[in-house]
S.K.: 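Could you have a look at this structure, given as structure tokens, before my questions?
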Amino acid sequence: MRDATDDDRAVDHGVPPDTPPDTPAADDGAPDDHGAAPASGTPETARLAGGQWFWAAVAVTMTVTGVLIVLNQVFFWNPGGFTLLLNAFLYVVLACFLSQVFILVRARRSTERPRFSVPWYDAVLAAICVATNLYFAVHAEQISLEGWDYAAPPPAVVGSFVLWLLVLEALRRTAGLVVTIIAGAFSLYPLIAEQMPIGFLQGVPFPIERAATVHALGPDSILGLPLQTAGAILIGFLVFGVVLQRTGGAEFFIDLARSVFGHARGGSAKVAVTSSASMGMMSGSAVSNVLTTGPMTIPAMKRAGYPGTYAAGIEATAATGGSITPPIMGTAAFLMVSFLGVPYSEVALAAAAPALLYYVGVFTQIDAYAARTGLRGELRSRLPKALTTLRTGWPYLLALGVLILLLVWRRDEAQAPFMAAALLLAIALVRPRRRLGARGLLAVVIDSGRSIAEIVGIIAGVGLIVGALSMSGASLSLARELVAAVGDNVLLILIAGAITCFVLGMGMTVSAVYVFLAIVMAPALVELGVNPVAAHLFVIYWAAASYITPPVALAAFAAAGIARTSPMATAVTAMRLGAAKYIVPFCFALNPALVAQDDVGSVLQAVGLAIVGVFAMGAAFEGYAPLVEVRLPGWARVVALVAGVALLLPETVSSLTGLLVMVVLFGALRVLRGREARADQRPADEQPPDEQPPDEQPPNGRDRDEEPPDEQAPDDRDGTTPGVRQDGDPEVRA
């Protein structure tokens with residue numbers, strides 16, 4: 001699981017083999033790595049030579065060591081009385097995983113090297129990183145007891161500067177230059193805090209050597225809450241996500257989605273949404289999700305008749321939603337656990353209803369589009385059987401069930417993912433049908449090390465922002481000034497927060513945006529009466545919205561590269577398909593029942609009305625109402641949109657009014673449609689012999705259950721398939 005962009009700007013190692021050469025994998029802010037993971041699942045140690053074996057062995061050793069240290073800390077093994085203080089534990093985590101950033105990620109994305117081919121300067125940086133962090137780990141008790149963060153000996157001061165620079169370089173490689181500049185500027189802010197011209201930005205000044213020691217040795221910066229969350233909780237979920245994918249979980253969820261939705265109208269799009277949501281729960285990364293499932297789902301949607309822009313927009317929208325979908329979400333959700341001091345199960349439960357509303361909106365629109373344009377599903381004979389898929393994929397459902405049970409029952413988010421991953425690994429090692437051999441196990445270790453290294457590189461850098469605001473005291477004054485600026489207007493500060501999240505999300509990862517605004521914006525929202533859980537989820541939703549919103553819509557741009565469509569047009573389509581992501585956060589900020597922060601009856605009522613409201617909004621955006629099966633003229637689309645928004649508001653009167661308006665509107669349109677149909681009917685003897693009613697006319701003149709002729713291979717020149725409607729072609733009307 002990568003950061004919910006944040007992820008997405010984390011390293012994405014390798015584009016799947018079907019990805020067109022113009023896929024903007026290198027343009028999403030993700031730097032290159034020293035070895036791309038093959039999409040086929042072959043371990044990266046295959047066909048290594050010379051020194052590559054050495055560095056592969058180093059990466060495996062450091063990953064195994066780091067995970068064992070985390071297991072010891074999480075399960076309190078303490079063999080032979082061995083135990084680590086919190087700061088010593090975090091330094092060991094940095095030594096094992098931050099150093100791997102310099103082994104796995106190239107300094108310049110333009111440089112091309114074989115897998116695990118590490119240049120001398122990266123080897124030096126990795127060695128310095130290990131040595132510096134182990135030095136601090138050995139002296140962890142002295143750092144705490146003697147206050148080295150404010151009065152450190154000279155070697156520790158030098159080491160603090162070294163760690164500061166290493167963290168910034170690791171952040172540049174894993175999250176991109178923009179994030180690094182922002183984090184670096186914030187980390188230097190305490191040096192000039194006293195000279196800031198604006199009153200509420202002024203803070204306590206620090207000399208540079210004191211700032212370095214506070215950043216490297218204090219409990220609120222590099223070793224602050226983000227890294228503590230990563231070490232205690234996030235690493236386990238990263239390992240579980242890798243195990244789930246490497247043992248075949250991705251294929252299972254795609255097959256399950258095809259068996260359930262493949263035969264329905266617009267089935268290929270519904271399969272794309274379901275499979276991308278499932279993959280997003282495992283990876284937590286929108287861009288890597290697009291690059292993983294997009295090469296399979298986007299061509300399938302285009303073959304079914306969806307225009308390329310629409311197909312790419314569907315994939316981008318679905319992939320972005322995966323990072324906000326329980327039970328496994330993006331990195332920001334785990335940071336939210338630490339900021340709020342609540343169990344992860346409570347965060348996952350709170351995020352369940354908004355995620356459901358998001359995907360109800362997407363499903364409504366793609367179903368409406370399929371009905372409006374006459375798109376059919378796949379032949380049942382070509383789809384996997386649901387029972388067969390469930391029978392062969394029971395280990396994945398069992399592992400997810402165990403994970404959810406442990407999160408809800410034991411409320412121990414640190415141990416639960418390790419237990420679920422161990423169960424899945426045990427089944428995979430002995431299962432005769434799909435046994436995970438030595439090479440597969442090695443691939444799990446390598447992928448886990450890479451995923452953890454990427455997140456640790458981002459999280460450690462984000463900690464610099466927290467440390468700078470904390471040591472200068474500016475975080476408290478910023479929240480206070482925000483409240484004073486807006487008075488008691490909650491809606492105004494929500495709008496300001498949404499704009500801020502979106503703007504920062506264009507250049508920073510979701511984790512970085514969340515950490516910054518969890519300190520500055522969320523306290524102001526809470527002070528104005530917004531529920532704390534709703535306030536923090538509001539920040540996460542709007543920070544993630546930048547991935548489908550122009551001008552910097554990384555997930556949409558990645559999908560456009562696969563579909564060979566205009567990036568901006570794809571982003572606009574994805575923005576329309578994911579419209580719920582822009583409206584729902586305001587609704588649950590004003591109505592905490594939508595995030596399960598009320599009694600059961602109120603929650604069920606709010607969620608039920610919200611589902612109907614999102615359905616109405618989806619019908620309004622597409623101009624067609626599924627279930628009712630009527631087209632919406634322009635005026636009806638406006639009315640349906642207003643009624644849908646009213647259904648999501650917390651006031652009972654507005655919700656019931658919206659429900660009544662929607663029922664009357666759709667009922668009246670249905671009656672009018674029936675009258676028009678009866679008026680257009682002609683006597684049977686006047687019907688032309690070969691004419692079929694419009695609703696029964698199959699696309700392309702072929703019956704749905706008739707086997708189609710052999711599909712022609714795509715044209716390599718433009719990636720299109722002869723006989724398939726592309727962008728700009730006339731729509732097929734039902």
Side-chain angles (χ1 to χ4, degrees), residues 4 266 269-270 272-274 276-277 280-281 286 310 313-326 329-330 350-369 494-495 498 501-502 505 510 534 537-550 553 555-556 571-596 606-627 632 637-638 640-650 655 658-659 662:
K270 295 173 182 176
V273 172
T274 308
S276 294
M281 289 190 298
Y310 203 90
I314 291 172
E315 175 60 37
T317 304
T320 303
S323 62
I324 54 172
T325 305
M329 301 166 65
L356 174 64
L357 297 177
Y358 180 78
Y359 281 109
V360 166
V362 176
F363 261 87
T364 299
Q365 291 187 70
I366 61 178
D367 188 57
Y369 184 90
L494 286 175
I495 294 173
C501 291
F502 173 70
V510 171
L537 275 178
F538 180 89
V539 172
I540 292 176
Y541 263 70
W542 267 96
S546 63
Y547 285 93
I548 57 172
T549 309
V572 171
T573 302
M575 185 178 175
R576 176 165 58 86
L577 288 167
K581 201 168 196 172
Y582 305 97
I583 300 174
V584 169
F586 285 94
C587 296
F588 66 63
L590 299 174
N591 185 8
L594 290 175
V595 287
V607 173
L609 291 173
I611 289 174
V612 179
V614 169
F615 171 82
M617 288 190 294
F621 286 125
E622 246 351 292
Y624 189 96
L627 302 180
L632 304 181
R637 295 173 72 170
V638 175
L641 180 61
V642 174
V645 173
L647 279 160
L648 273 78
L649 296 178
S655 298
L659 180 62
M662 197 198 76

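Keep in mind it's a predicted model, so treat the numbers as computed, not measured. Every heavy atom of this structure was used, including side-chain atoms; hydrogens, water molecules and symmetry mates were not.
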S.K.: So how far is it from Leu577 CG to Phe621 CZ, rounded to the nearest 0.5 Å?
M.R.: 10.0 Å

S.K.: If you look at every heavy atom in Ala571 and Pro550, which pair is closest and at what distance?
M.R.: CB-CG, 3.7 Å

S.K.: Which heavy atom of Ala318 sits nearest a heavy atom of Ser276, and at what distance?
M.R.: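 Result for this residue pair: CB-CB, 3.7 Å.
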
S.K.: Any heavy-atom pair between the side chains of Leu648 and Phe588 that's under 4.5 Å?
M.R.: no

S.K.: Rounded to the nearest 0.5 Å, what separates atom CE in Met617 from atom CD1 in Ile583?
M.R.: 4.5 Å

S.K.: Write down the atom of Ala574, the atom of Gly313, and the distance for their closest heavy-atom approach.
M.R.: CB-O, 3.7 Å

S.K.: First locate atom CG of Leu356, then atom CZ of Phe363, and finally report the distance between them rounded to the nearest 0.5 Å.
M.R.: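 Between atom CG of Leu356 and atom CZ of Phe363 there are 11.0 Å.
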
S.K.: Atom CG of Leu609 and atom CG of Asn591: how far apart are they, to the nearest 0.5 Å?
M.R.: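 CG of Asn591 is found 9.5 Å from CG of Leu609.
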
S.K.: Minimum heavy-atom separation for Ile366 and Lys270, please, with both atom names.
M.R.: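 That closest heavy-atom pairing would be CD1-CG, 3.6 Å.
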
S.K.: Say you draw a straight line from CD1 of Ile548 to NZ of Lys581; how long is it, rounded to the nearest 0.5 Å?
M.R.: 5.5 Å

S.K.: Relative to the ring of Tyr369, is the ring of Tyr310 parallel (under 30°), tilted (30 to 60°) or perpendicular (over 60°)?
M.R.: parallel

S.K.: Whether the side chain of Glu622 engages the backbone of Asp367 through a donor-acceptor N/O pair (distance < 3.5 Å, no angle test) should be reported.
M.R.: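 Not at all, since once roles are kept as given, no pair shorter than 3.5 Å links the two residues.
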
S.K.: Between Ala498 and Phe586, which heavy-atom pair has the shortest distance, and what is it?
M.R.: CB-CZ, 3.9 Å

S.K.: Pick out which of Val362, Leu357, Thr364 makes a side chain to side chain contact (heavy atoms under 4.5 Å, CB included) with Val360.
M.R.: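 Among Val362, Leu357, Thr364, the one that satisfies the side chain to side chain contact (heavy atoms under 4.5 Å, CB included) with Val360 is Thr364.
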
S.K.: Using a 3.5 Å distance criterion without hydrogens, assess whether the side chain of Ser655 forms a donor-acceptor pair with backbone atoms of Leu649.
M.R.: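 The answer is yes, because a donor-acceptor pair under 3.5 Å joins these two groups.
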
S.K.: Do you know which two heavy atoms are closest between Pro650 and Leu590, and how far apart they sit?
M.R.: CG-O, 3.7 Å

S.K.: Between Tyr541 and Tyr358, is the gap from one ring center to the other below 6.0 Å?
M.R.: no

S.K.: Atom CH2 in Trp542, atom OG1 in Thr549: separation rounded to 0.5 Å?
M.R.: 7.0 Å

